[in-house]
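Report on the following structure.
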There are 2 protein chains.
Amino acid sequence: MIGCVEDDSVDRHLARWRGKAPYDERVEGVVTRMQFLVKHLKQFKEAALAQVGMQDFEFETLHRLVAAGGSATPSKLAAEMLLSPAGMTGRLDTLERSGLVRRVRGSDDRRRVDVELTAKGRELWTEAMAIRARVESELVSALDADEQQTLDALLKRLMIQAESRR
Amino acid sequence: MIGCVEDDSVDRHLARWRGKAPYDERVEGVVTRMQFLVKHLKQFKEAALAQVGMQDFEFETLHRLVAAGGSATPSKLAAEMLLSPAGMTGRLDTLERSGLVRRVRGSDDRRRVDVELTAKGRELWTEAMAIRARVESELVSALDADEQQTLDALLKRLMIQAESRR
DNA sequence: GGAGCATATTTCGCCAGCGAATCTTTCGTC
DNA sequence: GACGAAAGATTCGCTGGCGAAATATGCTCC
């Protein structure tokens, strides 16, 4: 049983609204809930990460870097994270200042910069992984495995739609 | 049929990753996709709203205000939007300067401020509604009605979990 | 009925991200 | 092989939001 009797804040919001505007309640519900959940996660993860003295955006960057095998170019990272190149420069500055990351000029194409993870960076990332995973899991585990699977599949369909319009 | 053969960028991300860290791929998939989709929507809506010279956060505030019946207090609005009171002050400043909103001291409790929508504010909101609805709809309509219903129900379950931990 | 506590909002200093402009290196073309 | 266009990264000025402190008003209790 997927349905749910209880109301959430979005239900209350939509109810106050019914009939007052020509809009699709289902679409609005989906979008509003996703926005809220993402914001909620962000706030909780930030609070949790403060335990190891790291900020959310720092972890996010380290994470992509580890995923890329320990090194990548700034523009590649920026594109993956839907971030402006300028924003990425700022992030890398702070990470480099904390010694979590190192910038190396590309040897073949000297316009490029390779960003490499330091040992300290990898270590801190590992710690942070556990913390983040716990927070995310606390939220998502409200659903059982099958339901998570269904949710993920539906979101993926939206992803493909989104990425085709880019 | 909910499943989907094609890969999205999150699939590729997770695949590069498999076995390299102790983390739950399903949870990570759900969370990462929601984050991406929200960011995607934000960017598209911002671009679309620029047509009527409005910014995303301005619309969001007007929208809640209309939903509340045309007036509400700053703190109430801030709480609903997961925004700090200070942030709300800034938003209201901009809106008031553009003449979309009006601040009135509460008559009974003079600590309070009532924020009221102006005629111009309501008019602009109506225009913006259509634009935003179109963008959201373009994304969500990748799913049929049943699937949207299922997605919404699952998200709502997560909402209730999130709101119970606040 | 005045002192202190609670509540609602704003002010202030700070930070991350954006867009535009800049600088450097590379590629393409004649 | 030189010169203009393109690509990659950074700098600069600006904006929205946050947390903490300040301000203003209302409430309570002796």
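Atom set for the values below is all heavy atoms of this structure, side chains included, hydrogens, waters and symmetry mates excluded. Proteins come first, then strands; the chains are lettered A, B, ... in the order of their sequence lines, and each starts at number 1. Nothing here was measured: the structure is a model prediction, and the numbers come from that model.
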Quiz item: Have B:T61 and B:R91 got a donor and an acceptor in their side chains that come within less than 3.5 Å?
Solution: yes
Self-check item: Donor-acceptor under 3.5 Å (B:T118 side chain, B:L100 main chain)
Solution: yes
Quiz prompt | d(CG, B:D114; C1', C:dA8) in whole Å | solution = 12 Å
Self-check item: Whether B:E80 side chain and B:S75 backbone form a donor-acceptor pair below 3.5 Å
Solution: no
Quiz item: More than 12 non-hydrogen atoms from neighbouring residues, nucleotides or ligands closer than 6.0 Å to CZ on A:R103, yes or no?
Solution: yes
Exercise. For nucleotides 16-27 of chain C, just jot down a letter per nucleotide in 5' to 3' order: B, S or -, based on protein non-hydrogen atoms under 4.0 Å.
Key: SSBB-----BS-
Practice problem: Classify the ring geometry between B:H63 and A:W17 as parallel (under 30°), tilted (30 to 60°) or perpendicular (over 60°). | Solution: parallel
Quiz item: Hey, mind stepping through B:E46 and B:Q55 against side-chain contact (heavy atoms from CB on, under 4.5 Å) and telling me if it holds?
Solution: CA-CA 6 Å; B:E46 271 167 13; B:Q55 284 174 290; over 6 Å; no
Quiz item: Should B:R103 be listed as having a side-chain N or O under 4.0 Å from OP1 or OP2 of C:dT10?
Solution: yes
Exercise. Starting at atom CD of B:E96, determine the distance to atom C1' of C:dT10, rounded to an integer number of angstrom.
Key: 13 Å
Quiz item: Do A:E58 and A:T94 meet the criterion of a side-chain donor-acceptor pair at a distance under 3.5 Å?
Solution: no
Quiz item: Taking CG from A:D93 and P from C:dC15, how many angstroms apart are they, rounded to a whole number?
Solution: 14 Å
Quiz item: Taking DNA chain D as the partner, which of residues 69-79 of chain A come within under 4.0 angstrom of it by heavy atom?
Solution: A:T73, A:P74, A:S75
Quiz item: In whole angstroms, how far is the C1' atom of D:dT10 from the CG atom of A:L95?
Solution: 16 Å
Quiz item: Sub-3.5 Å donor-acceptor pair from the side chain of B:Q148 to the main-chain atoms of B:L143, do we have one?
Solution: yes
